[in-house]
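Before any comments, here is the structure.
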Amino acid sequence: MSPVMSPAKLRVIGLGAAVAVAVLLPIVAVAGPTGLTGLRGDAVRPAGSGDAKPGDGGLLPDLGLGLGSRTAEPAEAGPDPAPATPAVPSVTPTPSPVPAAPERITKCGPELASPDGIEAQTCVLAEGPDTWARTYYRNATGQELDAFLTLMAPGGRTVHVRCPVAAQDEPGTCETPRERGQGKATAYTAVAEFAGTGEGGSTPLLLRSGSNTADTEGS
C-alpha cells in the first residue's frame, strides 16, 4: 500500500516543477534563433524579420518577380491590322488607233485635146460618203474660156457649175460641190464643156470631155 503524501510535500513538489519550467523556457528561446547560422557564420534571419519596410521586396520585385506565385496578365490586344492592299500592276496606256483615212475612188475619162489648144480630162471622185466631179484642163488658146461641168447622179439628179478659165497655158481644175453619194462612183457620170466667153448661144463649143469613156476605177 503506497504511502500518502502530506499536503506540505505536494506543495513543495509543485513549486519546484514551476521553477524548473520557468528557468528552461528562456534558455530554449535564446538558443533557438542564435543557433541558426549561415555557411560563413552569419546569423540567418527568419523570413519576415529584420528592418524590411512594407512593400520592400529586395531585388526580385525590381525584376518583376515576387516571392509568391504570380499569374501573368494578358497583354492588351491591339487593333487588327488592316488587310494588305493587293498590288495593282502598272498598265501602259495603249494609244487609240488612228482611224484610217477613207479610200478615194476616181473614175476618169481619157485626156482630150482640141485643135484650138484646149486640153481636158474629166473625172468622178468618191471619198467616204461624198461624191463630186472634177475636170483638169490646160488652156493654150490665148483667150479666156468658160468651163461648164455637170455631175449626173443615179435617178436623173444633176449638179451644174460654171468655172472661168484664164487665158494662160497653166494647168487648172474645176469641180462641183461634194454631195452625199447615192451609190458607187461607177453609177455617176461627169461631163465638162469648154466654150468661148460671151452671151447667148453664139459662143462656139471647143471641147467636150466626159468620164463615161473609161470603165476603170483607181485610187
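We're numbering straight along the sequence, starting at 1.
- For residues 116-134, the pairs satisfying salt bridge (charged side-chain N to carboxylate O under 4.0 Å, His left out) are R104-E127, E127-R178, R134-E175, with sequence neighbours left out.
- In this structure, CG on L151 lies 11.5 Å from OG1 on T122, to the nearest 0.5 angstrom.
- T141 pairs by the side-chain hydrogen bond (donor to acceptor under 3.5 Å, both in side chains) definition with N139, not counting sequence neighbours.
- By the 4.5 Å side-chain criterion applied to Ile, Leu, Val, Met, Phe, Trp and Tyr, I118 is assigned to a cluster that also includes L112, Y137, L145, V165, F194, L206, L207.
- Residue P110 comes nearest to G210 through the heavy atom pair CD-O, 4.3 Å, listed as atom of the first residue, atom of the second, then distance.
- For Q168, the side chain to side chain contact (heavy atoms under 4.5 Å, CB included) partners at least two apart in sequence or on another chain are A166, E170.
- Counting side-chain heavy-atom gaps under 4.5 Å among Ile, Leu, Val, Met, Phe, Trp and Tyr, the cluster of V191 also holds M152.
- Among residues at least two apart or in separate chains, there is no disulfide (SG to SG under 2.5 Å) pair with a member in residues 126-160.
- Residues that satisfy the side-chain hydrogen bond (donor to acceptor under 3.5 Å, both in side chains) test with R162, not counting sequence neighbours, are D146.
- Annotation: side-chain hydrogen bond (donor to acceptor under 3.5 Å, both in side chains) contacts of T150 (sequence neighbours excluded): H160.
- Side chain of E111 to main chain of A120: no donor-acceptor pair is present (N/O by atom type, distance under 3.5 Å, no hydrogens or angles).
- Counting only residues at least two apart or on different chains, the disulfide (SG to SG under 2.5 Å) pairs with a member in residues 151-180 are C163-C174.
- A continuous path of Ile, Leu, Val, Met, Phe, Trp and Tyr side chains, each step under 4.5 Å between heavy atoms, connects V124 with V159, placing both in one hydrophobic cluster.
- A distance-only check finds a donor-acceptor pair linking the side chain of S211 to the backbone of A190 [under 3.5 Å].
- Nearest heavy-atom pair, C123 versus Y136, reported as atom, atom and distance to 0.1 Å: SG-CE1, 4.0 Å.
- The two residues G109 and Q121 come nearest to each other via the heavy atoms O-NE2, 2.8 Å.
- Residues L149 make up the rest of the hydrophobic cluster containing V161, defined by ILVMFWY side-chain heavy atoms closer than 4.5 Å, directly or through other members.
- The two atoms that bring P177 and W132 nearest to each other are O-CB, 3.8 Å, heavy atoms only.
- Among residues two or more places apart in sequence or in another chain, the side-chain hydrogen bond (donor to acceptor under 3.5 Å, both in side chains) test is passed with T131 by none.
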